[in-house]
2 protein chains.
Amino acid sequence: MELTNTTLSDFRAVMALIDAGTFRGAAERLGLSPSALSRQITGLETRLGVRLFDRDTRNVHTTASGEAFGRVARRMLYTVEDGMAEFEAYVSSRQGRLTIAGLPSVTAGLLPRLIGAFSVEHPGIDLRILDALSGSVLEAVESGIADLGFAAGTVSTRSRMHFEPLFDDEFVAIGHPDGPLAENRGYAWAEILEMPIIAMAEGTSVRELIDGACLRHGTSLSPRFEVAHLATAGALVSAALGVTALPTMTLPVLNMASLIQRPITDFGAKRRIGLVRRTGRTLSPPAAAFTELVKRSRLVR
Amino acid sequence: MELTNTTLSDFRAVMALIDAGTFRGAAERLGLSPSALSRQITGLETRLGVRLFDRDTRNVHTTASGEAFGRVARRMLYTVEDGMAEFEAYVSSRQGRLTIAGLPSVTAGLLPRLIGAFSVEHPGIDLRILDALSGSVLEAVESGIADLGFAAGTVSTRSRMHFEPLFDDEFVAIGHPDGPLAENRGYAWAEILEMPIIAMAEGTSVRELIDGACLRHGTSLSPRFEVAHLATAGALVSAALGVTALPTMTLPVLNMASLIQRPITDFGAKRRIGLVRRTGRTLSPPAAAFTELVKRSRLVR
DNA sequence: AACAAAAGTGCACTTCACGCAACAACGACT
DNA sequence: AGTCGTTGTTGCGTGAAGTGCACTTTTGTT
């Protein structure tokens with residue numbers, strides 16, 4: 001009994017013949033000639049070593065073995081149908097899973113709107129958000145844990161991954177209403193450096209950007225506090241312990257009620273936010289759909 | 001997306017490539033050349049409109065879509081494997097169902113030994129016994145309710161079905177020890193007709209045979225009692241109400257403790273017991289196996 | 001920098017499947 | 001009972017699909 005050579009068309013042929021009851025009808029349903037179907041059934045019976053249909057030139061009767069095979073065939077075709085439908089649903093992003101890594105500022109400030117829109121368009125997709133520091137975002141995407149990542153477009157980012165810039169996130173100075181930024185005007189970066197600075201911890205993209213700006217200005221940063229979380233920085237500023245410089249994107253995370261923001265006139269450094277993905281790797285359909293959505297939503301300001 | 005043309009070899013190819021990680025290894029496992037596999041994967045990807053593997057000349061990486069397809073493919077191949085194993089088990093009579101119709105005398109006297117042996121050889125097969133009158137046996141087999149039937153080989157039987165004779169069941173006279181058959185010798189049929197006869201109801205094969213014998217002897221039967229069931233006949237004889245003539249095969253059904261049996265010297269009619277099955281219909285594998293067992297058990301006496 | 005290994009491609013060949021036409025057998029209708 | 005129509009099967013030719021071999025290209029390694 002040669003089972004391995006059995007193909008899906010064999011199953012389809014048997015099913016059609018069982019349902020139609022005649023070779024002619026079954027062949028028509030399958031879209032081929034009666035002779036072709038006859039050969040196929042004969043060949044299958046030969047390979048199986050079992051007669052599936054008792055037939056003469058006038059009648060066709062399914063044997064017990066034929067019915068047994070038909071049950072198997074029906075299950076098989078259902079499985080194929082279901083499987084392909086499932087795959088098609090996956091490809092067309094109707095179901096699946098999408099993991100997005102992002103800097104905390106992005107996940108908090110930008111992602112809510114995006115994933116809101118996405119989950120409306122693709123309700124069947126399980127969304128996972130990974131908020132991590134800059135390095136972890138790249139790591140997550142590179143290792144495949146995350147499909148996409150939102151990160152700042154630093155040099156290291158662009159070399160390891162494909163980076164698609166979305167918009168520039170400008171730095172503003174944040175201070176207490178009664179603090180050194182009380183005057184409602186733009187401040188120069190040199191001015192700010194004179195104030196007590198609350199800086200983000202090293203390893204964050206914000207800190208990386210600020211360090212780079214200092215380098216270009218030929219100055220150096222001497223922070224009064226270093227904090228790991230944006231909210232902490234906000235709290236410290238609210239307590240009038242100092243000022244800080246943050247990208248505007250991060251502001252929604254903070255409670256701005258008791259804070260004021262001022263432009264930095266000559267800071268120059270912008271945080272270029274973009275979408276990272278592995279180079280040379282095809283995006284999963286949900287990831288591609290999400291990328292499409294992001295582009296469509298015109299974040300560029 | 002062309003889903004319908006997807007074939008089992010596509011699933012096998014994807015599975016092999018996922019598992020092996022290289023075209024070369026996968027091709028070897030599939031028993032074909034790397035180029036053929038390359039074309040197959042490319043063709044599948046084209047039909048699906050989705051890239052399943054990211055590959056350069058050196059590395060092969062499964063995409064998210066490829067893994068999704070792989071999950072579907074694995075399920076598919078398991079289903080095929082299971083299904084074919086199930087069918088193979090059915091064909092080789094390791095599982096399935098077998099319905100045997102038989103005359104009450106046969107089912108009671110002969111079948112127990114046979115189905116005992118059969119269920120030892122084929123423990124996975126569900127056995128159903130249909131004990132019915134002669135006509136019902138044929139009906140059950142003809143309609144497909146029963147796969148096989150044990151019946152007496154009358155003319156009508158042979159014309160409608162394929163009849164395979166197994167053995168001849170001879171008639172003996174049954175009486176009460178104190179009745180007219182008290183003498184331990186053979187009795188002529190004419191003698192017995194003089195005694196009070198307990199006959200089986202019309203429609204039973206026993207009655208059919210006896211009527212035939214009377215016809216040949218130029219006599220006629222005038223039964224004192226007519227009963228539908230063998231056990232009833234036996235009970236009547238036990239009560240010394242008369243004598244009866246029955247095939248030896250039926251005797252195990254009766255309680256012979258208070259009965260005696262005597263040869264009928266010139267009765268001449270034997271009941272030819274045989275296996276009936278539909279003409280022109282292939283037997284189900286369990287039925288074929290059972291037939292084989294019956295032939296092997298050499299019932300011919 | 002050169003080599004080796006692996007995937008992709010052009011080309012020729014085989015094999016498989018298909019349709020058409022002829023054939024055989026069975027059933028129905030007169 | 002004879003005839004005709006229908007239905008499954010088979011012989012044959014054709015076309016497409018698949019396969020292997022040889023070669024190219026690219027990439028990782030020594």
Side-chain angles (χ1 to χ4, degrees), chain A residues 2 4-48 50-63 66 142 159-160 162 278-282, chain B residues 2-48 50-63 66 159-160 162 278-282:
Chain A
E2 198 66 44
T4 55
N5 288 349
T6 312
T7 177
L8 286 180
S9 75
D10 289 328
F11 294 124
R12 273 190 265 268
V14 170
M15 284 310 305
L17 187 49
I18 287 178
D19 292 349
T22 70
F23 276 73
R24 180 167 296 272
E28 186 172 356
R29 208 162 98 175
L30 292 169
L32 41 83
S33 69
S35 66
L37 178 60
S38 174
R39 284 178 221 274
Q40 184 157 18
I41 296 291
T42 306
L44 177 61
E45 286 178 330
T46 307
R47 283 198 305 272
L48 295 177
V50 174
R51 187 159 256 269
L52 300 177
F53 298 93
D54 284 322
R55 50 195 185 275
D56 49 39
T57 59
R58 202 66 186 173
N59 292 311
V60 177
H61 295 286
T62 309
T63 66
E142 190 168 33
S159 67
R160 286 156 64 191
H162 176 73
R278 287 213 54 174
T279 53
R281 285 287 200 286
T282 306
Chain B
E2 199 64 44
L3 308 134
T4 55
N5 288 349
T6 312
T7 177
L8 285 181
S9 75
D10 289 328
F11 294 125
R12 272 190 265 269
V14 170
M15 284 310 305
L17 187 49
I18 287 178
D19 291 350
T22 70
F23 276 73
R24 179 166 297 272
E28 186 172 357
R29 208 163 98 178
L30 293 169
L32 41 84
S33 69
S35 67
L37 178 61
S38 174
R39 285 178 220 275
Q40 184 159 19
I41 296 292
T42 307
L44 176 62
E45 286 177 331
T46 306
R47 283 198 304 272
L48 294 177
V50 173
R51 186 159 257 269
L52 301 177
F53 298 93
D54 283 322
R55 50 196 187 275
D56 49 40
T57 60
R58 200 69 182 176
N59 292 310
V60 177
H61 295 284
T62 309
T63 66
S159 68
R160 285 157 63 190
H162 177 73
R278 287 214 54 175
T279 53
R281 285 288 200 284
T282 306

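To find a chain, count down the sequence lines: A is the first, B the second, and so on, and within it residues start at 1.
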Can you check each nucleotide of nucleotides 23-30 of chain D against protein heavy atoms at under 4.0 Å and return B for base, S for sugar-phosphate only, - for none, in 5' to 3' order? --BBSS--
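- We find that CG of A:L37 is positioned 9 Å from P of D:dG8, with the value rounded to whole Å.
- Applying a 4.0 Å cut-off to non-hydrogen atoms, the residues of residues 22-31 of chain B that approach DNA chain C are B:T22, B:F23, B:R24, listed by residue number.
- No donor-acceptor distance shorter than 3.5 angstrom exists from the side chain of B:T7 to the backbone of B:D10, with no hydrogens or angles considered.
- Under 3.5 Å, the side chain of A:S35 and the base of C:dC20 form at least one donor-acceptor pair of N or O atoms.
- In this structure, B:F23 has no ring pair (Phe, Tyr, Trp, His ring centres under 6.0 Å) partners at least two apart in sequence or on a different chain.
- A heavy atom closer than 4.0 Å to some atom of DNA chain C occurs in no member of residues 8-18 of chain B.
- For the pair A:T62 (side chain) and A:I18 (backbone), a donor-acceptor distance under 3.5 Å is absent.
- Residue pairs satisfying the salt bridge (Lys or Arg N to Asp or Glu O under 4.0 Å) criterion with at least one member in residues 22-38 of chain A, sequence neighbours excluded, are listed as follows: A:D19-A:R29.
- The end-to-end axis angle of the helix from C:dA1-D:dT30 to C:dT30-D:dA1, rounded to 10 degrees and based on five pairs per end, is 30°.
- The main-chain N or O of B:P34 is never found under 3.5 Å from a side-chain atom of B:S38 such that the two would form a donor-acceptor pair.
- Atom CG in B:L32 sits about 12 Å away from atom P in D:dG18, given to the nearest Å.
- The main-chain N or O of B:T282 is found under 3.5 Å from a side-chain atom of A:D54 such that the two form a donor-acceptor pair.
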